[in-house]
Engineer: 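Questions regarding the structure given below will be posed in turn.
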Amino acid sequence: MLRIDKLKQLEICDAYFISSSTNRYYFCGFKSSFGYVIYTEGNAYFLTDKRYGEEARAFFNGQSIKVIDGNKNQLNDAIQEILSSASINTVGYEDNRTSCSDFNDLSGLINKKFIAVGKQIDKLRIIKDEYELAQIEAAQKVTDKAFAKILTIIKGGMTEKDICAELEYQLKINGADGIAFDTIIASGSNSSLPHASLSKRKIENGDFIVMDFGAKYNGYCSDMTRTISLGKPSAEMVKVYETVLKAQTLAINALKAGINCKEIYNISNNYISANGYEKQFLHGLGHGLGLEIHEGPWINNLSDEILEKNTVVTIEPGIYIEKSFGVRIEDLIIIKENGIKNLTNADKKLILI
Ligand SMILES: [Mn+2]
């Protein structure tokens, strides 16, 4: 899908130079590991090397985007020719996705004023179109299916790595193109670390197991977290679980288009604090996602962003008791014009296996 004309909305520069694979895909709909997109005065150019030339010309055939393929020197010549136009004074580039070295090469090619517009470009991706919403919903369906299946597989004595391998297999055989990010399986005392790395620890009775995982589907991500118990949890574990769940439910119930992200964060955080865990909620409440697992809007104590309709966000409060255990529960939600749609269908009452 061609979304390149969205760059017009920025009204910052005379030309835009896109070099990241994510934004090349977002604006042009063509997957490639190397290339540039230049957009100026309503004209779009897709520059790439010979590996993608034939496929790109077929893909963009009949569309208002010109494909240029060649070696480094040929591409540099083309960049100079396009950007040297007298009507171009300013060139916007992705400062947040361009290495210093690549920027030095680019700015050395052409004597124009370069303007950092990475954040503004990322903002164009916050509101999703119908196609994107459908891909994210499909990704989450796969993720829910994999979760239902893993509950029938987990048994005492399995390692975190074993569970991870089974879960990622379930994502893939249920239709995922791949995983959206490195799966987190954090059991027992490891679960007090929000982003624990995978270990060979064997799960045992009395463990909480935090599973944070997601699928990629047609390039789009899903993201969910559930915390389950192997055997009977202690009274404190149950209390923490119920506190996190209530903090999440309160925030989800308050979600709507037009609300300030900080306000949503505060709803969860105030509830967690009021229950005695004010120092144990160690991260933001949620984030947007799409082609990348973490995108705007950001739902945390510093974010003044306003939630808009057709934005997709996670709501994922957690409480972490150092050296003991942790709980996180995460759902994926579309903000609609009226109300919300929670894409995560897995049960949230504490599951004991
Ligand atoms: Mn998340």
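Indexing begins at 1, ligand by ligand and atom by atom, following the structure's order.
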Engineer: Quick check: of its N, O or S atoms, which one does Glu316 have closest to the Mn ion (ligand 1)?
Structural biologist: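 Atom name returned: OE2.
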Engineer: Look only at the side chain of Ser303 and the backbone of Trp298, and say whether a donor-acceptor pair between them is shorter than 3.5 Å.
Structural biologist: yes
Engineer: Would you find a donor on one side and an acceptor on the other, under 3.5 Å apart, between the side chain of Lys128 and the backbone of Leu289?
Structural biologist: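 Checking the backbone N and O of Leu289 against the side chain of Lys128, a donor-acceptor pair under 3.5 Å is found.
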Engineer: One pair to check against side-chain hydrogen bond (donor to acceptor under 3.5 Å, both in side chains): Ser199 and Glu160. What are the steps and the verdict?
Structural biologist: CA-CA 6 Å; Ser199 82; Glu160 293 173 355; 2.9 Å; yes
Engineer: Can you name the N/O/S atom of Asp223 that is nearest the Mn ion (ligand 1)?
Structural biologist: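 The Mn ion (ligand 1) is closest to the Asp223 atom OD2, counting only N, O or S.
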Engineer: Tell me whether His287 has at least one N, O or S atom under 2.8 Å from the Mn ion (ligand 1).
Structural biologist: yes
Engineer: Please state whether the separation between the Mn ion (ligand 1) and some N/O/S atom of Asp212 is under 2.8 Å?
Structural biologist: no
Engineer: Looking only at N, O or S atoms, which one in Glu330 sits nearest to the Mn ion (ligand 1)?
Structural biologist: OE2
Engineer: Quick check: is Ile353 connected to Leu167 through a chain of hydrophobic side chains (ILVMFWY, heavy atoms under 4.5 Å apart)?
Structural biologist: yes
Engineer: Determine the sole option in Tyr93, Tyr39, Tyr45, Tyr36 for which the ring-ring contact (aromatic ring centres under 6.0 Å, His included) test with Phe17 is passed.
Structural biologist: Tyr36
